[in-house]
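Below you'll find the structure, written out as structure tokens, and then a few comments.
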Protein chains: 2
Amino acid sequence: MKTKDRIVQASIELFNAKGERNVTTNHIASHLSISPGNLYYHFRNKEEIIRNIFTKYADHMQVSFEPVKPSQDPVKILTNYLDAVFSALYHFNFLYDNLPVIMARDPELKSQYLDIHNKMMDKIHQLVVSLEVANVIKMDADDIEDFANIIKQQVTFWISYCKTSREDTQITTEMIYHGLLKVLLLFKPYVTQEYREPVREITAHYTALANGESSEQGQPDV
Amino acid sequence: MKTKDRIVQASIELFNAKGERNVTTNHIASHLSISPGNLYYHFRNKEEIIRNIFTKYADHMQVSFEPVKPSQDPVKILTNYLDAVFSALYHFNFLYDNLPVIMARDPELKSQYLDIHNKMMDKIHQLVVSLEVANVIKMDADDIEDFANIIKQQVTFWISYCKTSREDTQITTEMIYHGLLKVLLLFKPYVTQEYREPVREITAHYTALANGESSEQGQPDV
DNA sequence: GTCTATAAATAGATAGAC
DNA sequence: GTCTATCTATTTATAGAC
């Protein structure tokens, strides 16, 4: 692997493990057993590394949040979304831990973020509309926009919420699955009589994962 | 006012206006036209200033979140809560902008925060139960705990969500009122037929405030 | 491309005079 | 209690040799 790619890869790992604010460019260099000068040959500064990681993140999001096909099984639409959320939170958790700070200090990154944010908002909106069309949920049309924002906020700051409201700040897959269950609870009161049972089954599935019981399908891929 | 109190007061104002991470002890001192040495005579370090502010914040929370009296008008219970949330978000917005970072670097403060967090969770729990008892909402008993956590997360990270998802990061009263409306939307699907109209009226009230229309009761007190 | 050595920039904090 | 002057530590970033 090229040095440039190794720097990006190591940065993701170190940021996720120790928190972005606790990892300096020197830490990254020494972790890779290269010199700081070498690192600065490949990247002008730390923010350029983060912007590079963010591009990877944005690509990941675009791919994993597949466009909703109306023909799909409506229940599958929902689990696809939740699995994509899980994957993003897990693999890029350092971003979610520190989002306001990271964005406030780098206007260029903030602008990248706003772009992705808007695209994701559209996807969530589509998801909600699809569930409505498939008669899985029933919701006032006026509330869909606000509801989509609530979902987005709940997902985006779940990591932050866990880190602040618990003693133990280690990120685990179980912790993330608990967050997905909160998202399911947001949908719950809108679920139609017809789909109450399928949604209950999805909830049971993620509850098992949240309690550390292994799933028949194992850990999701990247 | 004593110098020590002036330092705390100025710090709150500067932190709220510019963000905690952009305000150094030297900034605080020069804002008050005192020397850094003088500031350090009164506080051992910046974290001690923040802990001092946090104590003020904790007191504010304890007072403004009055214990729920079952005898009260159930609608009043809800507006009391929302007004208390507004006041906290407005007067201590710097804390909400930066919570995970501030708590992660100071274990003593984190422990103070966990204490207040748990107390607030209890209050929210009581609020939900009171609304159930008064027949304002109907909710599965199993969901109350998770629902209370969702409310808490939504409130705590509303400022962060706004700052990351908008171009303009200025905090306004209107922005905060929009957050309260999201909390009302969380309650909405659980509201009983009987209380649909009163809740609609509360929503209209906060919608007016969120749109910058002045309310008959004016800005809430500290 | 990579290294060593070091400069530059902050921010946090202290010593000692008044 | 307050000031001036300064020190230390940290982190980012660059120059120049190999």
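Within every chain, numbering begins at 1; the chains are lettered A, B, ... in the order of the sequence lines, protein sequences first and strands thereafter. Below, all heavy atoms of this structure are taken into account, side chains as well, without hydrogens, waters or symmetry copies.
B:S35 comes within 4.0 angstrom of a nucleotide base, judged by non-hydrogen atoms across all strands.
In this structure, the CD1 atom of A:I28 is 12 Å from the P atom of D:dA13, given to the nearest Å. B:K2 places its NZ atom 17 Å from the C1' atom of D:dT2, with the value rounded to the nearest Å. As rounded to whole Å, 14 Å separates atom P of C:dT4 from atom CG of A:L39. Following rounding to the nearest Å, A:R21 (CZ) and C:dA11 (P) show an atom-to-atom distance of 18 Å. In this entry the distance linking CG of A:N22 with C1' of D:dT12 reads 16 Å, nearest Å. B:E20 places its CD atom 12 Å from the P atom of C:dA11, with the value rounded to the nearest Å. For A:Y41 and C:dT4, the OH to P distance is 17 Å, given to the nearest whole Å. If you take CD of A:E48 and C1' of D:dT12, they are 14 Å apart, rounded to a whole angstrom.
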Set out, in order, the CA-CA distance, both residues' side-chain angles and the distance that settles salt bridge (Lys or Arg N to Asp or Glu O under 4.0 Å) for B:D106 and B:K110, then state yes or no.
CA-CA 6 Å; B:D106 183 351; B:K110 172 82 185 280; over 6 Å; no
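Under 4.0 angstrom from either OP1 or OP2 of C:dA11 there lies no side-chain N or O belonging to B:H27. Neither OP1 nor OP2 of C:dG1 sits under 4.0 Å from any side-chain N or O of A:N38. When the side-chain nitrogen and oxygen atoms of B:T3 are compared with OP1 and OP2 of D:dT2, one or more of them lie within a distance under 4.0 Å.
In this structure, A:K123 forms no cation-pi arrangement with A:Y81, as its terminal cationic atom is not both closer than 6.0 Å to the ring centre and no more than 45° off the ring axis.
Without hydrogens or angle criteria, A:S87 side chain to A:D83 main chain gives no donor-acceptor distance under 3.5 Å. When atom types are taken as modelled, the side chain of B:D5 and the backbone of B:M1 share no donor-acceptor pair closer than 3.5 angstrom.
In this structure, A:Y113 OH and A:L95 CG are separated by 9.0 Å, a value rounded to the nearest 0.5 Å.
Centroid-to-centroid, the aromatic rings of A:F147 and A:Y190 come within less than 6.0 Å. Annotation: B:H60 is in aromatic contact with B:F92 [ring centroid separation under 6.0 Å].
DNA chain C forms stems at C:1-18 with D:1-18, each a run of 3 or more consecutive Watson-Crick or G-U wobble pairs whose two key distances fall under 3.5 Å.
Classification of the A:Y161-B:F157 ring pair by plane angle, with boundaries at 30° and 60°, yields perpendicular.
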Readout for nucleotides 13-18 of chain C: B = base within 4.0 Å of protein heavy atom, S = sugar-phosphate only, - = neither; 5' to 3' it is BB----
Donor-acceptor contacts under 3.5 Å from residues 96-103 of chain A side chains, at least two apart:
| residue | atom | partner | partner atom | Å |
| --- | --- | --- | --- | --- |
| A:Y96 | OH | A:Y57 | OH | 2.5 |
| A:N98 | ND2 | A:E20 | OE1 | 3.1 |

